[in-house]
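Encoded as structure tokens, the structure appears first; notes follow it.
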Amino acid sequence: MKKDLMKILRGSLDSIGVSPMPDIEIEIPKAVSFGDLSPPVAMGLAKQLKKSHREIAGDIVNSIKDSNIFEKIDIAGPGFINFTFTREYLYSSLKSLLSGRKSFLREEVGNNRRVLVEFVSANPTGPLHIGHARGAAVGNALCNLLEESGFEVEREYYINDAGRQIKMLALSVYSRYQQLVGIEAGFPEDGYRGQYIDEEAAELYSQVKERYKGVPFQECEEEIGGWAYSRMMELIKKDIACFAVKDFSNWVSEKDLYEKGDVSRAIKELEDKGFIYGKDGAVWFRSTAFGDDKDRVVIKSDGEYTYFASDIAYHRNKLERGFDVIIDIWGADHHGYIPRIESVMKAFGYDISGFRVILVQMVNLLKDGSPLQMSKRAGNFVTLSEVVDLVGADNAKFIFLTRKSDSHLDFDIDLVTATSAENPVYYVQYANARINSIFANAEAAGIDTENMGDVGFQVLSNREELELIKKLLAYPMVLEGAAKAYEPHRITFYLQELVAMFHSYYHKYKVLTDDAGTGRARLALCGAIKIVLGDALGILGVTAPEKM
RNA sequence: GCGCCUGUAGCUCAGUUGGAUAGAGCAACUGCCUUCUAAGCAGUGGGCCAGGGGUUCGAAUCCCUUCAGGCGCGCCA
């Protein structure tokens with residue numbers, strides 16, 4: 001729909017001598033009385049052409065000749081050009097949609113550009129919690145969306161397996177293990193107190209029995225740490241799998257960056273460029289040269305690298321791999337980190353226009369309307385797998401995707417579970433199941449449900465049917481907008497609108513009527529809705545059940 | 001104190017990157033199952049887009065400012 005209008009508008013602007021060709025935006029008007037599509041292009045050109053909005057709009061309309069796809073073209077308001085398509089055009093578009101060609105549902109956004117999306121990247125010290133779940137849902141949907149919009153996408157998980165937290169994980173398990181075998185071992189002040197640590201200690205005992213009983217921590221730290229770490233990674237991968245998120249392409253290890261010498265090399269490179277200096281016995285990166293509010297330490301006075309040092313190496317590594325777009329999805333509590341990472345990228349000589357941090361706001365977990373404080377240290381957090389058990393992966397993902405990622409989200413466990421029947425995800429999925437049921441009934445009645453492209457579409461003539469067709473044809477525009485803005489949640493809202501129209505239509509008109517021609521045409525319309533539903537839900541990572 | 005995010009219906013949130021008359025879902029109230037799935041439909045009520053100033057053909061959207069909430073400001077990770 002948009003492609004066709006775009007082509008015509010370009011031709012029109014060219015013929016009235018507009019140069020250079022502006023970016024043309026095409027909007028779907030709010031009210032049906034404003035036509036089907038409406039580009040505010042005349043208003044944008046007023047200054048350049050030194051004419052009034054309506055004059056320009058008139059010129060554009062006059063220059064559009066021999067186009068038979070519009071029923072009418074109106075100039076309205078301050079200079080909107082409202083295009084209304086002919087029914088024949090809608091029918092032939094619907095037929096194209098039904099052909100099943102995916103390309104019909106896509107606008108090209110990516111042009112094979114390579115994009116790296118890093119998300120979740122939770123520390124390997126415990127199971128994923130609900131905050132990670134939100135990051136996973138957003139990241140997964142965004143990757144799917146970009147992939148479907150013509151990007152080459154790599155999904156990446158960064159493992160912080162080099163720092164103090166691994167030692168603390170080892171020490172936590174060690175302490176619980178010693179307690180288990182009857183030795184009074186003090187629990188570390190800032191150790192991980194979750195129940196899963198007890199379980200790991202028990203598992204360790206069942207595997208090695210009393211091998212480490214009374215052994216000083218220093219002597220078994222590496223063994224226990226390595227063992228616990230790999231157990232945690234298994235746990236995390238299992239959590240990700242249970243949330244039905246597509247597999248990550250890469251698992252990048254912080255430890256590897258150190259061992260390969262990437263960290264020292266990256267800092268050396270910054271030093272060569274003159275952005276590194278020593279002060280107070282420490283080594284600093286001059287991030288203030290790039291807009292950060294203070295310089296940052298990369299090597300502490302005790303000779304240890306800071307966490308930031310490996311992040312420099314990691315982002316250097318991302319840049320080296322030659323992506324056109326680099327997206328980091330972070331918890332919003334890390335937002336203060338953005339200026340220093342951007343500084344790093346600038347210091348390496350890269351234009352940061354291809355770099356984007358998407359902040360995912362914290363999930364405010366509620367129970368009975370009151371906040372549930374979560375802390376990994378205290379161990380009273382709700383894990384991702386618990387949430388999935390309680391409300392289901394589809395349900396949770398859909399909720400996360402019904403708001404933009406940087407707005408706070410109240411997730412009331414009781415509310416979501418108790419009123420799950422009223423959850424919007426069911427509303428959308430129900431439409432799919434309904435359509436499927438109609439098709440089953442049609443087949444049972446001996447109606448031909450194949451070759452939907454050959455039905456007589458002309459009988460689809462009432463207001464609801466025409467509006468449904470237009471809504472379907474707008475789908476590629478929604479995807480395009482969502483992909484350009486990196487905002488998968490737009491798809492969720494589109495789905496709710498589309499499905500609302502369908503449910504309403506379903507109640508007002510019977511699909512399988514006595515008239516065979518009407519029945520098949522309506523069936524075809526339902527088939528088209530099902531195609532779009534399946535496509536969109538697939539991008540969101542939500543299933544489209546055949547039956548409910 | 002400085003920086004970032006948020007502020008839209010009673011509640012939870014959208015708002016097509018500055019477009020036309022402000023949108024949805026819950027909750028409340030009124031109706032609809034002998035007809036393809038009632039996890040559904042039809043209808044009613046509900047707004048100083050936090051306040052104020054500016055930018056322009058046009059502002060919920062951009063700029064300034066005030067207020068309220070959240071988060072961040074380590075030689076922690």
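Lettering follows sequence order; numbering is per chain, from 1. Just so it is clear, the structure is predicted and the values come from calculations on it, not from any experiment.
We find that CG of D406(A) is positioned 20 Å from P of G3(B), with the value rounded to whole Å. In this structure, H53(A) atom NE2 and G19(B) atom C1' are separated by 11 Å, rounded to whole Å. Separating the CD1 atom of I338(A) from the C1' atom of G3(B) is a distance of 11 Å, rounded to the nearest angstrom. G15(B) atom C1' lies 13 Å from atom CD1 of I28(A), rounded to whole Å. Here C57(B) presents its C1' atom at 13 Å from CZ of R54(A), a figure rounded to the nearest Å. Separating the CH2 atom of W330(A) from the P atom of G72(B) is a distance of 15 Å, rounded to the nearest angstrom. Protein atom CG of N423(A) is 14 Å distant from nucleotide atom P of C13(B), rounded to whole Å. Between E25(A) atom CD and A20(B) atom P the separation is 13 Å, expressed in whole Å.
Taking only side-chain nitrogens and oxygens, K404(A) comes nearer than 4.0 Å to OP1 or OP2 of G15(B). Within the structure, every side-chain polar atom (N or O) of K279(A) is placed at least 4.0 Å from both OP1 and OP2 of C75(B). In terms of phosphate contacts, R340(A) brings no side-chain nitrogen or oxygen within less than 4.0 Å of OP1 or OP2 of C73(B). Between K510(A) and U35(B) there is no side-chain polar atom (N or O) within less than 4.0 angstrom of OP1 or OP2. The phosphate of A77(B) (OP1 or OP2) has a side-chain N or O of K300(A) nearer than 4.0 angstrom. Within the structure, every side-chain polar atom (N or O) of S33(A) is placed at least 4.0 Å from both OP1 and OP2 of U21(B).
Here, G3(B) and C57(B) have their C1' atoms 36 Å apart, quoted to the whole Å. Across U16(B) and C75(B), the matching C1' atoms stand 48 Å from one another, rounded to whole Å. Distance noted for atom P between A59(B) and G54(B): 13 Å (whole Å). Here, G46(B) and U12(B) have their C1' atoms 16 Å apart, quoted to the whole Å. Here the separation of C41(B) from A60(B), taken at their P atoms, is 31 Å to the nearest Å. Between the P atoms of C49(B) and A9(B), the separation comes to 10 Å (whole Å). If you take atom P in G43(B) and the same atom in G7(B), they sit 30 Å apart, rounded to whole Å. Across the C1' atoms, G47(B) and A14(B) are found 15 Å apart, a figure rounded to whole Å.
Of the two residues contacting RNA chain B, namely S504(A) and G44(A), the nearest-nucleotide position lying further toward the 5' end is that of G44(A). Sequence order on RNA chain B of the closest nucleotides to M362(A) and S405(A) puts S405(A) first from the 5' end.
Residue side chain T306(A) does not reach the base of A77(B) through any donor-acceptor N/O pair under 3.5 Å, judged by distance alone. Interface remark: the N82(A) side chain does form a donor-acceptor pair with the A20(B) base, using a distance-only criterion of under 3.5 Å. Looking at H335(A), its side chain comes within 3.5 Å of the base of G3(B) through a donor and an acceptor atom.
Distances from the side chain of A282(A) to the nucleotides C75(B), C13(B), G72(B) place C75(B) closest. Proximity note for D333(A) (side chain, C-beta onward) versus A20(B), G40(B), G72(B): the nearest is G72(B). Distances from the side chain of S407(A) to the nucleotides A39(B), C13(B), U16(B) place C13(B) closest. Across A20(B), G15(B), A77(B), the shortest atom-to-atom separation from the side chain of H489(A) is found for G15(B). Distance from the side chain of W284(A) is smallest for C75(B) among the nucleotides G40(B), C75(B), U16(B). Taking only side-chain atoms of Y430(A), from C-beta outward, the nucleotide of G15(B), U37(B), G70(B) with the closest atom is U37(B). Listed candidates were C75(B), C13(B), G19(B). Nearest to the side chain of S301(A) is C75(B). The side chain of Y337(A) lies closest to A77(B) when the candidates are U37(B), A77(B), C75(B). Of the candidate nucleotides A20(B), C73(B), G40(B), C73(B) has the atom lying nearest to any side-chain atom of K294(A).
Across all strands shown, G23(B) forms a Watson-Crick or G-U wobble pair, both distances under 3.5 Å, with C13(B). The partner of C67(B), taking Watson-Crick or G-U wobble pairs whose two distances both stay under 3.5 Å, is G7(B). Nucleotide C49(B): unpaired (no Watson-Crick or G-U wobble partner with both distances less than 3.5 Å). A39(B) is unpaired under the criterion used here, namely a Watson-Crick or G-U wobble arrangement in which both key atom distances are under 3.5 Å. Here G1(B) sits opposite C73(B) as a Watson-Crick or G-U wobble pair (both hydrogen-bonding atom distances under 3.5 Å). Here A59(B) sits opposite no nucleotide as a Watson-Crick or G-U wobble pair (both hydrogen-bonding atom distances under 3.5 Å).
Remark: the backbone N or O of E148(A) is paired with a side-chain donor or acceptor of R106(A) at under 3.5 angstrom. Side-chain atoms of T306(A) come within 3.5 Å of backbone atoms of V297(A) as a donor-acceptor pair (strictly under, hydrogens ignored). A donor-acceptor pair under 3.5 Å is formed between the side chain of S172(A) and the backbone N or O of Y192(A). In this structure, the side chain of R134(A) does not engage the main chain of K397(A) through any donor-acceptor pair within 3.5 Å.
Between H489(A) and F493(A), the ring-plane angle classifies as perpendicular under the 30° and 60° cut-offs. Relative orientation of the Y258(A) and Y305(A) rings is tilted, given thresholds of 30° and 60° on the angle between their planes. Using a 30° and 60° split on the angle between ring planes, Y506(A) and F502(A) fall in the tilted class, from 30° to 60°. Using a 30° and 60° split on the angle between ring planes, H503(A) and Y427(A) fall in the tilted class, from 30° to 60°.
An anti base is found at U21(B): its glycosidic angle is more than 90° from 0. Taking the O4'-C1'-N9-C4 or O4'-C1'-N1-C2 dihedral as appropriate, C73(B) has a value more than 90° from 0 and is therefore anti.
Residues I166(A) and P124(A) are in side-chain contact: their nearest non-hydrogen atoms beyond the backbone lie under 4.5 Å apart. Side-chain contact between M232(A) and L235(A) is present, with at least one heavy-atom pair separated by less than 4.5 Å.
Residue ring and nucleobase are stacked for F80(A) and A20(B), with a centre distance beneath 5.5 angstrom and an angle between planes beneath 30°. Stacking between F493(A) and A24(B) is absent: the ring centroid is not both under 5.5 Å from the six-membered base ring centre and under 30° in plane angle.
Across all strands shown, E480(A) has no heavy atoms under 4.0 Å from either base or sugar-phosphate atoms. Among the atoms of the strands shown, none is found under 4.0 Å from any heavy atom of A442(A). If you check every strand for non-hydrogen atoms under 4.0 Å, Y506(A) touches a base.
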